[in-house]
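Worth knowing before you read on, the calculation uses all heavy atoms, side chains too, and leaves out hydrogens, waters and symmetry mates. Predicted model, so just to flag it, every value in this text is computed and none were measured.
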Amino acid sequence: MIIVYTKDLCGYCHMAMKYLKENEIEFEEINLDHNPDAKAYMISEGHTTVPQIYNKISNSGRIYEELLVEGGCNELLALSKEEILEKTL
């Protein structure tokens, strides 16, 4: 499952989510303007911009997140649907 960390009034966030929707790729949006814990997590990971696009991974009963693409929206838009799905396996 892809997680897109966003903020209100973020054009790149909207473009990234639109691209995922158009390619029928499921994702969860977490808006940092409305989730202080998620905002603290993004800061702890060293991120200062949005969107940040992560892959939620379940392995041996443990769930963790891994950065799907560096560079947010622009890097996501450079990938095909197949490349995105391959990265989420």
Side-chain angles (χ1 to χ4, degrees):
M1 168 69 83
I2 293 175
I3 301 172
V4 182
Y5 289 93
T6 66
K7 292 181 102 177
D8 292 337
L9 305 175
C10 170
Y12 287 111
C13 299
H14 293 289
M15 283 193 305
M17 291 187 296
K18 180 181 178 199
Y19 186 72
L20 292 171
K21 287 176 189 172
E22 287 173 349
N23 284 284
E24 299 176 343
I25 299 172
E26 288 187 44
F27 67 93
E28 173 186 357
E29 177 187 6
I30 299 178
N31 188 310
L32 303 182
D33 287 331
H34 306 286
N35 188 325
D37 291 337
K39 184 175 183 177
Y41 172 63
M42 285 291 102
I43 292 169
S44 76
E45 292 293 306
H47 299 301
T48 58
T49 61
V50 289
Q52 293 299 324
I53 304 164
Y54 275 74
N55 185 26
K56 184 186 265 185
I57 299 169
S58 178
N59 187 1
S60 301
R62 186 172 158 255
I63 297 174
Y64 62 97
E65 294 178 9
E66 176 180 89
L67 193 61
L68 184 70
V69 291
E70 302 235 5
C73 181
N74 291 332
E75 291 297 318
L76 180 70
L77 297 179
L79 298 175
S80 68
K81 177 180 181 174
E82 292 75 24
E83 289 171 318
I84 295 169
L85 294 174
E86 185 176 305
K87 286 177 159 276
T88 62
L89 295 179

Same cluster or not: Leu77 versus Val50, using hydrophobic residues (I, L, V, M, F, W, Y) connected whenever any side-chain heavy atoms lie under 4.5 Å apart? no
Those residues at least two apart in sequence (or on a different chain) that pass salt bridge (charged side-chain N to carboxylate O under 4.0 Å, His left out) with Glu22 are Lys18
Those residues at least two apart in sequence (or on a different chain) that pass side chain to side chain donor-acceptor pair (under 3.5 Å) with Asp8 are Asn31, His34
Strictly by ring pair (Phe, Tyr, Trp, His ring centres under 6.0 Å), give each pair with a member in residues 69-89 just once, sequence neighbours left out. none
For Cys13, disulfide (SG to SG under 2.5 Å) partners two or more places apart: Cys10
Applied to residues 38-65, the ring pair (Phe, Tyr, Trp, His ring centres under 6.0 Å) test, sequence neighbours excluded, yields Tyr5-Tyr54, His47-Tyr54
Exercise: identify the closest heavy-atom pair between Pro51 and Val4: CB-CG1, 4.0 Å
Got a sec, which pairs hit ring pair (Phe, Tyr, Trp, His ring centres under 6.0 Å) with one end in residues 7-28, sequence neighbours left out? none
Contacts of Asn74 meeting side chain to side chain donor-acceptor pair (under 3.5 Å) (sequence neighbours excluded), chain-then-number -> none
Can you name the residues that form a side chain to side chain donor-acceptor pair (under 3.5 Å) with Glu83, not counting sequence neighbours? Ser80
Would you give the length of the straight line joining atom CG of Leu79 to atom NZ of Lys87, rounded to the nearest 0.5 angstrom? 6.0 Å
The criterion is side chain to side chain donor-acceptor pair (under 3.5 Å); which residues satisfy it with Glu75, sequence neighbours excluded? none
Going from CG on Leu68 to OG1 on Thr88, what distance comes out if it is rounded to the nearest 0.5 angstrom? 7.5 Å
Are Ile30 and Met17 connected into the same hydrophobic cluster when the rule is that any two of I, L, V, M, F, W, Y join if their side-chain heavy atoms are below 4.5 Å apart? no
Separation of Ile3 CD1 from Glu29 CD (nearest 0.5 Å): 12.0 Å
Determine whether Ile84 and Asn23 make a side-chain contact, defined as any pair of heavy atoms from C-beta on separated by less than 4.5 Å. no
Leu89: hydrophobic cluster co-members (side-chain, 4.5 Å): none
Where Asp33 and Lys7 come nearest, the two heavy atoms and their spacing: OD1-CE, 3.3 Å
With rounding to the nearest 0.5 Å, note down the distance linking OG1 in Thr6 to CE in Met42. 11.0 Å
Can you pull out every salt bridge (Lys or Arg N to Asp or Glu O under 4.0 Å) where at least one residue sits in residues 38-47? Sequence neighbours excluded, please. none
Closest non-hydrogen atoms of Met1 and Asn55, given as atom of the first, atom of the second and distance, are O-OD1, 3.5 Å
Nearest heavy atoms of Leu67 and Ile53, plus distance in Å: CD1-O, 3.6 Å
Restricting to pairs with a member in residues 58-72, which pass salt bridge (Lys or Arg N to Asp or Glu O under 4.0 Å), not counting sequence neighbours? none
